[in-house]
Participant: 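Dumping the structure here so I can ask a few things about it.
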Amino acid sequence: MPSSGSSVVGGRYEIDFSDRLIHLDSPQAQAFAVRDLEGVSRHRFALVLKRNSYGRFARRAEFGTVDAGAMLQSLSHGTIAVPGVEHQRMTLVLERPAGGRVMMREGKSAERLDERAVIDRILVPVEDSLRSLHRAGLTHRAVRPDNMFFRDQADGPARLGECFSAPPGFDQPDAFEPLESAMASPDGRGEGTPASDMFALGVTIVTLLRGRWPATSRQPQRILRRIDRDSYRELAGRLSCSSAMQELLAGLLYDDPESRWNVDQLRAWLNNKSIGRRPFQHSKSAIRPFKIEGLSCSTPRAVAFALSRHGNAARNYLADGHLTRWLERSLGNIPLADAVSAMIGDGSDDDAARVKIDDKSIARLCRILDPEGPVYFHGVAVMLDGFGYAIAEAILSGDGASEKKLESMLANAFPIEQLGPELSRARRQQIEAQFRNYQDFARGTAMGTGIERCLYEMNPGIHCQSPLLKGQSVSVLGELLPALNRIASGGEVPGEQPRDAHITAFLATHMPVPEQQRAANDISRASPGSQDCIHDLAYFARLQSLSGPLRLRNLARWLGANLQPAIQGFYSRTRRERLATQITNTVNSGDLSALLNLVNDRQELAIDREEYAHAVASHNHNAQMAVHFQTLFATRRNLAQAKGRRAAYVVGCIMLLVSCVAAVGGGSL
Amino acid sequence: MSIAGMSPRAQALSDEQRKRVRNFRLRVLAVAAGLTIGGIALAILALPAFIIIYGGMLPTMVAFLVDDQPGRYLFRTVGVTNGAGVIPHLQGSFQYLSSAGVVVSPAGSIDTWLGIYGAAIGGWFLVIVVPLLWQMGFEAVLQYRMRRYEEARGALAEEWDLEQPDG
C-alpha cells in the first residue's frame with residue numbers, strides 16, 4: 001500500500017495516503033485521513049480496500065436513503081487509483097468516530113462491560129440503527145464488537161460501524177453467524193435476513209459481557225456442537241448473567257430464524273416488557289451418531305455439513321447404504337431415507353442402477369439433507385442469496401478454481417435441487433425461475449454467457465471486470481464507451497477486439513432488451529461474411545445512440561480497423577475503395593451509427609451483388625467473343641481467299657455492266 | 001453392279017459424282033460444239049466480229065482451263081472483265097461484214113487488242129489482289145475487335161476480381 005500521494009473521491013474528499021489511521025482499519029480495508037475539499041467538516045476518514053474486491057458497495061445507495069441513527073454515516077464511495085497498485089481500489093469515505101472501538105478483535109477489552117453498560121451504551125443505540133435498517137428491508141451483517149465505536153472519548157453510547165467494505169457476513173467470526181450461514185464460506189454467506197443481525201447482536205452481547213471473543217479454532221466441531229446442542233447453549237450457556245439478560249440472549253440466539261426476536265421484541269424487552277421465552281425447537285437427533293472422519297453427526301444437517309468437508313472419505317459409506325440405514329433406523333426419518341436412497345440408488349441390487357458417488361452427487365445429497373443450509377460443492381458452501389457475492393469475490397480476486405466450482409454449481413442447478421420447506425410457494429417459484437436463468441447462463445457457450453454473465457446479473461452495480469478496462473471504472477452502461485475510447489486514445493489501435501466476455505456480459509445485463517434486439521437485427525441483416533466483424537460495431541452503435549457521447553473518434557478508429565472483412569464483402573473494387581475512404585472520414589467524426597450504416601448498407605450491397613452478376617455474365621461473353629475472333633483470325637487466309645475472289649468477281653461484273661451500258665449508249669470508254 | 005469393298009451409300013455417292021462429271025462433260029462438249037458451229041457461221045458472215053470475239057476471249061478460255069478452284073472465280077472474273085473489254089468493240093466490228101474490212105475494222109487496231117487483253121489482265125489482277133486486300137482489312141477488323149473484348153474483359157476482371165485474361 002502507498003505511503004504518499006493523494007486521490008480524490010467523489011470530487012470532494014481528498015485521501016491523504018501519507019496519513020494512516022490504523023486504529024480505524026477494517027479487516028478488508030485500510031484507513032486513511034481525508035480532507036474535505038469543500039471544508040464542511042474535518043471528521044472524515046477513508047477506507048481503501050486492501051485487495052481487488054467489490055465488497056458490498058452495490059447496496060450503499062440504499063443505505064444512503066435510510067437514517068440509520070447511530071450507524072457511522074457513509075458519505076461517498078468510488079474507485080480510485082492507489083499509488084503503486086495496479087488495479088483501482090474501491091474506497092469508502094465515512095464519518096469519523098470520536099471514540100475508539102468497543103472491543104478490539106485481538107485480545108480482551110480493557111474491561112468487560114456490565115449488563116447495564118451493554119444495555120445503555122450498546123443495545124439502545126444499535127437497536128435504533130437496526131430498526132431503521134430492517135424497516136427499510138436492509139440488513140447490516142457486520143454487527144460485532146470490533147465494528148462498533150464509542151460516540152465520544154468519554155466512552156458514551158456506541159455506534160455501528162460500516163458494512164460495505166466486505167461481502168455480508170464476510171468478516172464475521174462464524175460464532176456471530178446463524179447456523180446456516182456459519183456453515184457457508186465467508187464470501188457466500190449472503191444478505192441474510194434481519195434475524196441474522198439479531199443473532200449477531202446476541203453474540204455481541206455475550207462477547208461484551210464475557211470480555212473475550214468466542215473461540216475460533218476447530219470450527220467443524222464447534223458448528224456440529226451448535227447443531228447438536230443449539231447455539232444459545234453452546235455460545236451463552238456458561239455465561240453468568242441476570243435472568244432478564246438470559247431471556248434476551250435466548251430470544252436473540254434462537255437457531256430458528258422465525259422464532260428469533262426481532263427489533264420490536266428487543267425494544268419491548270428494553271422497555272422492561274416481558275416477551276416470554278419460547279421453548280427451543282430442536283431438530284430430532286439420532287439415537288446413535290453417524291460418524292464421518294471423526295465428526296459425530298446427530299442430525300441430517302450435521303451430516304450434510306460433515307459430508308461437505310469429507311465427501312471423498314464418505315463415498316463408500318454412501319454407496320453401501322450406511323447413510324440410508326442410519327436415517328431409517330437411528331433417526332427414524334423414513335421419507336428422508338427414501339429420498340436419499342432414490343438419489344444414490346443404494347437400495348437397488350443392480351449395480352448399474354447405483355449412481356456413481358461423485359462431487360455432484362454429494363452436493364445433491366447435501367441439499368436433500370439440509371435444504372435450508374448452504375449449497376455445498378467441492379469445498380465451497382454458498383447460501384442461496386450469497387452467490388452474487390461469492391462469484392464477485394472469486395472473479396475479482398482471480399480465484400479461478402472457485403470460479404469454476406461456482407459455475408458448476410449454477411450449471412447443475414444445485415441451489416434449486418431442494419428448497420427449504422419454510423419458503424412460500426411464490427418465493428419458491430421466484431427462486432427457481434431465477435436460478436434456471438443462471439443455469440442457462442452458466443451452461444451457455446456463447447461469448448457473454450458463463451460465469452461472467454452470472455456475475456453482472458447478480459451484481460448489477462459491479463464494475464465491468466474486463467481486462468481491457470483495467471484502470472477504468474465502468475459500472476453503468478454510459479461509462480463503457482468513453483472508457484473504451486480512452487483505451488484507444490494512444491497512437492496505435494489496440495490489437496485485440498474491443499469486446500471480450502466480460503464486456504459482452506456487461507452489455508447483455510445492462511443494455512435494454514429492445515436495443516439488444518435492434519443490434520442483433522442489424523447484424524442479421526448484414527452479409528454472412530461480415531456479420532462477425534460488425535458485431536461489436538452494431539452493439540456499440542446502439543449503445544452510443546442510447547447513452548452517448550456523440551463523438552468517439554478513438555473507439556471508431558479501433559472498430560474501423562476491424563472492418564476489413566465487411567469492406568471485402570463488396571465485390572466492386574471501386575466500391576471497396578470508396579467505402580474505405582468513407583470509413584476513414586466517418587471514423588474522424590466518431591459517429592458509430594454512421595460507420596455501421598456505411599458497412600451495413602443493404603441497398604448498396606444488393607446493387608453490388610446485381611452488378612457483380614452482370615459483370616460475370618459480361619466477362620464470360622467477352623471471353624467467348626475473344627475466342628470466336630481468335631478462331632476467325634486463325635482461318636483468315638482461307639476466308640480472305642473465298643471472300644476476296646467473290647469480291648473480285650463482283651467488281652468484274654460491275655465493269656461488265658458499265659461496259660455494256662457504255663456500248664449500248666454509244667459512248668466510248 | 002456393286003464395287004467390291006464399298007458400302008451401298010458410298011457406291012451411291014460415287015454414282016452421283018460420276019453422273020455429274022458426265023453431265024459436265026456433255027455440257028462442255030455442247031458448248032464447244034456450239035462455239036465451233038457459231039464461230040464458223042460468224043467467220044463466214046462477219047469476219048471482224050469473229051476475230052474480236054474469238055480472239056478477244058482467248059484469256060477467258062485460258063482461265064477456264066487453268067482454274068480448278070471451287071467456285072471457279074478466276075474463270076468467272078477473267079470472263080466478265082474480258083467480256084467488258086470485248087463488248088465496246090462489237091458494234092464497230094459488225095459494220096464490216098466482208099473480209100475486206102478486217103484491216104480497217106476495230107480488229108485491225110492495236111488499241112482494241114490492248115483494251116481487250118488489258119481488261120482480261122485486269123480481271124486476273126483482281127483475282128490476285130482483292131483477296132490480299134480483303135485479308136489485310138479482315139485482319140485489321142479482327143484485331144481491333146479482339147483488342148476491344150480483351151480490354152473489356154481486363155477492366156471487368158480488375159473491377160470485380162475476376163479471372164484476368166492471358167497476356
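Each chain gets a letter, A, B and so on, in the order its sequence line appears, and its residues count up from 1.
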Participant: Can you give me the closest heavy-atom contact between B:Gly85 and B:Ile116, atom names plus distance?
Facilitator: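 Closest approach of B:Gly85 to B:Ile116, heavy atoms only: O-CG1, 3.3 Å.
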Participant: Check each atom of A:Val650 against the heavy atoms of chain B and say whether the ones under 4.5 Å are side chain, backbone, both or neither.
Facilitator: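 Contact with chain B involves no heavy atom of A:Val650 at all.
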Participant: We want to know whether A:Arg646 and B:Tyr73 form a side-chain donor-acceptor pair, criterion being a heavy-atom distance below 3.5 angstrom.
Facilitator: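 Note: A:Arg646 and B:Tyr73 side chains meet the donor-acceptor criterion.
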Participant: Where do A:Arg551 and A:Asp591 land on the salt bridge (Lys or Arg N to Asp or Glu O under 4.0 Å) test, with the steps shown first?
Facilitator: CA-CA 6 Å; A:Arg551 287 168 66 85; A:Asp591 184 351; over 6 Å; no
Participant: Quick check, are the ring centers of A:Tyr539 and A:His535 under 6.0 angstrom apart?
Facilitator: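 Yes, the ring centres sit under 6.0 Å apart.
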Participant: Quick one: of A:Cys660, A:Ser618, A:Ala623, A:Ala642, who has the most non-hydrogen atom pairs under 4.5 Å with chain B?
Facilitator: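 Highest number of heavy-atom pairs under 4.5 Å: A:Ala623.
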Participant: Where on B:Glu158 is there a heavy atom nearer than 4.5 Å to chain A: the side chain, the backbone, both, or neither?
Facilitator: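 Contact with chain A involves both backbone and side-chain atoms of B:Glu158.
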Participant: Select, from B:Leu126, B:Asn82, B:Val86, B:Thr81, the one with the greatest count of heavy-atom pairs under 4.5 Å involving chain A.
Facilitator: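 It is B:Leu126.
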Participant: Name the member of B:Tyr149, B:Phe138, B:Trp160 that forms the most heavy-atom pairs with chain A at distances under 4.5 Å.
Facilitator: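 Of B:Tyr149, B:Phe138, B:Trp160, B:Trp160 has the most heavy-atom pairs under 4.5 Å with chain A.
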Participant: Using a 4.5 angstrom heavy-atom cutoff, name the option from A:Gln630, A:His621, A:Glu611 with the most pairs to chain B.
Facilitator: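 If we count pairs closer than 4.5 Å to chain B, A:Glu611 comes out on top.
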Participant: I need the minimum non-hydrogen distance between A:Asp522 and A:Leu596, along with the two atoms involved.
Facilitator: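 Answer, listing the atom of A:Asp522 first, then A:Leu596: OD2-CD2, 3.6 Å.
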Participant: Is A:Asn620 in contact with chain B via its backbone, its side chain, both, or neither, using a 4.5 Å heavy-atom distance?
Facilitator: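 Contact with chain B is absent: no heavy atom of A:Asn620 under 4.5 Å.
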Participant: How far apart are the closest heavy atoms of A:Thr449 and A:Glu452, and which atoms are they?
Facilitator: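 Nearest heavy atoms, A:Thr449 then A:Glu452: O-OE1, 3.1 Å.
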Participant: Out of A:Gly652, A:Ala626, A:Ser572, which one racks up the most heavy-atom pairs below 4.5 Å with chain B?
Facilitator: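 When all of A:Gly652, A:Ala626, A:Ser572 are compared, A:Ser572 has the most.
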